[in-house]
Every structure is written in C-alpha cells, then in structure tokens.
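A quick write-up on the structure given underneath.
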Amino acid sequence: MAQLRPFAKEFGVTIELPDKIPYTKRALAITEFARDMGKLELFRDATMEAHWSQGKDIEAIEDLAEIASAVGLEPDEALSAGDDPAYLARVDDIRKDAQSHQVTAIPTFMFGQHPVVGCQRYETLERIAQKLQIPEALSNRPSK
C-alpha cells in the first residue's frame, strides 16, 4: 500500500489510501444490481472514485447509499441488493470463476496461463511478456 501513492502519482493520479482494505462483498452485490439497472459502469466508476479519491468507506451503508444515489439508483433498493442472497451468490460465482483462472486480486494481468498480480509498470509487464515469449501482449503498448 505504501508504494501505491507514488506509483499513482507517476501517472498524475492522486489517491487516498484507506486505513484498511475494505470487505467489498456488499459493494460488489450492489454493483451486480447496478448492472441489472443498466448503471454498471457508472456505479463501478463512482465507487472507485469514492474509495480511492475521496477516502469514502465502501463498507459503510451511508457511503454506499450516497454512491448509489449519485448514479441514479434508488438507495434503499441498492442497499437491499447488497444483502440479497441472489446478488451475493452472483458475487460468489464471479469470484469462483476468477479464482479458477488464477485471478486472486485486481488487477491481475494474464500472460497465457501466468498471472501477474497488482499494479505494474508497463516495462515490468513488457519484460514478463518477452520472457514468456508472448508477442501479442506487446502489440498494444500505450502511447506516452
């Protein structure tokens, strides 16, 4: 976590580091509700902004309600979805699928069957792709 702030700053991004890593299952269940309501990207982006830029607690009911409202979701419905067994099961299914593909954290970069977990500099990913001889991974080099 301590390396995250300077890493983000290299890209012109200022972040607020949380006091603890949040338990995100409720927020993820609400994200699935937002998907059903056609607001997946809005809710996901607003949640990331709230967590990383505004220092909000995405475990806190008040903050989740505020985020939901800001993207046009009915806060009480969103909070109910966060505790709904069907949405929670969907989150579990997505997590199981991710784990079956060796994804254990976000971000995870897959180079064939080789996962690389965590924020990485492009040069690091490039070295890994070269070492593993995965040329298609190098074809989308970001512009500077």
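- We find the CG-CD distance between Leu132 and Gln113 to be 11.5 Å, quoted to the nearest 0.5 Å.
- Distance NZ/Lys56 to CG/Leu64: 11.0 Å, rounded to 0.5 Å.
- Residues forming a side chain to side chain contact (heavy atoms under 4.5 Å, CB included) with Asp76 (at least two apart in sequence, or on another chain): Glu74.
- Hydrophobic clustering of Ile, Leu, Val, Met, Phe, Trp and Tyr side chains at less than 4.5 Å, counting indirect connections, unites Phe109 with Ile128.
- A donor-acceptor pair under 3.5 Å is formed between the side chain of Thr108 and the backbone N or O of Ala105.
- Both Ile61 and Leu73 belong to a common hydrophobic cluster when Ile, Leu, Val, Met, Phe, Trp and Tyr are linked at side-chain heavy-atom distances under 4.5 angstrom.
- Phe33 and Ala81 make their closest contact through CB-CB, 3.4 Å (heavy atoms, listed as atom of the first residue, atom of the second, distance).
- In this structure, Gln120 CD and Glu126 CD are separated by 13.5 Å, a value rounded to the nearest 0.5 Å.
- Looking only at distances, no side-chain donor or acceptor of Ser69 sits under 3.5 Å from a matching main-chain atom of Ala65.
- Contacts classified as salt bridge (Lys or Arg N to Asp or Glu O under 4.0 Å) and involving residues 103-113 (residues at least two apart or in different chains) are not found.
- Contacts classified as salt bridge (Lys or Arg N to Asp or Glu O under 4.0 Å) and involving residues 30-41 (residues at least two apart or in different chains) are given here: Glu32-Arg35, Glu32-Arg90, Asp36-Arg90.
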Practice prompt. Check step by step if side-chain contact (heavy atoms from CB on, under 4.5 Å) holds for Thr124 and Arg127.
Written response: CA-CA 5 Å; Thr124 301; Arg127 277 195 309 278; 3.5 Å; yes
Fill in: Trace of the side-chain contact (heavy atoms from CB on, under 4.5 Å) decision for Phe43 with Thr47
CA-CA 6 Å; Phe43 184 79; Thr47 303; 3.3 Å; yes
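- Residues satisfying the side chain to side chain contact (heavy atoms under 4.5 Å, CB included) test with Leu88, not counting sequence neighbours, are Lys25, Ala29.
- Note that CD1 of Ile30 and OG1 of Thr24 are 11.0 Å apart. Values are rounded to the nearest 0.5 Å.
- Summarising the geometry of Asp97 relative to His101, their closest heavy-atom pair is O-ND1, 2.8 Å, with the distance given to 0.1 Å.
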Discussion item. Please determine whether side-chain contact (heavy atoms from CB on, under 4.5 Å) holds for the pair Ile58 and Asp63, giving the CA-CA distance in whole Å, both sets of side-chain angles, and the decisive distance to 0.1 Å.
Written reply: CA-CA 6 Å; Ile58 59 171; Asp63 289 342; 5.9 Å; no
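- Arg121 is linked by a salt bridge (charged side-chain N to carboxylate O under 4.0 Å, His left out) to Glu10, counting only residues two or more places apart in sequence or in another chain.
- Counted within 6.0 Å of CE on Met110, heavy atoms from surrounding residues, nucleotides or ligands total more than 12; the atom is thus considered enclosed.
- Here the CD1 atom belonging to Ile67 is positioned 10.0 Å from the NE2 atom belonging to His51, to the nearest 0.5 angstrom.
- Rounding to the nearest 0.5 Å gives a distance of 5.0 Å between CD of Gln54 and CD of Glu49.
- Residues passing the side-chain hydrogen bond (donor to acceptor under 3.5 Å, both in side chains) test with Arg95: none are found, sequence neighbours excluded.
- The cluster map of Ile, Leu, Val, Met, Phe, Trp and Tyr, joined by side-chain heavy atoms under 4.5 Å apart, puts Leu79 and Leu42 in the same cluster.
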